[in-house]
Amino acid sequence: SFAAWSADSQKIVYTSEREGRLQLFQYDFGTEKETQLTKSGDDFSPVYSPDGKTIAFIRNARSLMIYDTNSKQERELARFF
């Protein structure tokens, strides 16, 4: 899956290949704004946490990543070999 809704259905996170790489974007229906979340890898399969505070996704088909929606920071949780 390359798109996922937040639990409150106010936001959607999705993958776009605008600059030659798969990157994550979020659209907020309340503010009608799109935000680019990632820039450094081929990112796909985003999933919101139940509370909407984090987004899990796969980077470069090798890492499970977490994006913190408040701090706008990402971190690697696991690496696949």
Side-chain angles (χ1 to χ4, degrees):
S1 165
F2 288 175
W5 286 95
S6 61
D8 63 5
S9 297
Q10 292 299 307
K11 297 176 183 170
I12 188 169
V13 63
Y14 51 92
T15 300
S16 177
E17 192 174 8
R18 296 180 191 176
E19 298 173 16
R21 301 189 98 158
L22 295 171
Q23 300 167 336
L24 296 185
F25 290 80
Q26 178 176 262
Y27 187 80
D28 185 322
F29 288 91
T31 62
E32 298 182 354
K33 292 179 100 177
E34 180 185 60
T35 306
Q36 184 171 355
L37 304 180
T38 64
K39 296 180 181 177
S40 62
D42 280 320
D43 302 327
F44 57 93
S45 295
V47 178
Y48 281 99
S49 63
D51 63 8
K53 293 182 181 180
T54 59
I55 299 168
F57 62 95
I58 303 296
R59 170 163 289 156
N60 300 326
R62 295 184 183 261
S63 299
L64 174 60
M65 304 291 293
I66 292 290
Y67 179 86
D68 185 303
T69 58
N70 292 325
S71 69
K72 301 182 182 3
Q73 299 292 313
E74 58 185 51
R75 63 186 167 95
E76 184 178 71
L77 281 185
R79 183 168 288 226
F80 313 117
F81 296 100

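- Side chain of S49 to backbone of T54: a donor-acceptor contact under 3.5 angstrom is found.
- Hydrophobic clustering places Y48 together with Y67 (ILVMFWY residues linked when any side-chain heavy atoms are closer than 4.5 Å, directly or through intermediates).
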Derivation of the side-chain contact (heavy atoms from CB on, under 4.5 Å) call for M65 and D43:
CA-CA 9 Å; M65 304 291 293; D43 302 327; 5.6 Å; no
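- Separating the NZ atom in K33 from the CG atom in D28 is a distance of 9.0 Å, to the nearest 0.5 Å.
- Atoms CZ and CG, on R75 and L64 in that order, are 9.5 Å from each other to the nearest 0.5 Å.
- Note that the CD atom of Q23 and the CD atom of Q36 stand 4.5 Å from one another [nearest 0.5 Å].
- Under a hydrophobic clustering in which Ile, Leu, Val, Met, Phe, Trp and Tyr are joined whenever their side-chain heavy atoms come within less than 4.5 Å, directly or via other members, L77 and V47 fall into different clusters.
- Across every non-hydrogen atom of T15 and L24, the tightest pair is OG1-CD2, 3.5 Å.
- Side chain of N60 to backbone of R62: no donor-acceptor contact under 3.5 angstrom is found.
- Nearest heavy atom pair, residue T69 against residue K72, reads O-NZ, 3.7 Å.
- For L37 against E74, the heavy-atom pair with the smallest separation is O-OE1, 4.5 Å.
- When hydrophobic clusters are built by joining Ile, Leu, Val, Met, Phe, Trp and Tyr residues whose side-chain heavy atoms come closer than 4.5 Å, directly or via intermediates, F80 is not grouped with F57.
- Proximity of S40 to R59: side-chain heavy atoms (C-beta onward) are separated by under 4.5 Å at one or more points.
- Taking the six-membered ring for Trp and the full ring otherwise, Y27 and F25 have centroids separated by 6.0 Å or more.
- When the side chains of ILVMFWY residues are joined at heavy-atom separations under 4.5 Å, either directly or via intervening members, L22 and I58 end up in a single hydrophobic cluster.
- Considering every non-hydrogen atom in both S63 and E76, the closest pair reads OG-OE2, 2.6 Å.
- In terms of heavy-atom proximity, A4 sits nearest to P46 at CB-O, 3.3 Å.
- One finds the OH atom of Y14 at 3.0 Å from the CD atom of E34 (value rounded to the nearest 0.5 Å).
- A distance of 9.5 Å separates OG1 in T31 from CD in Q10, rounded to the nearest 0.5 Å.
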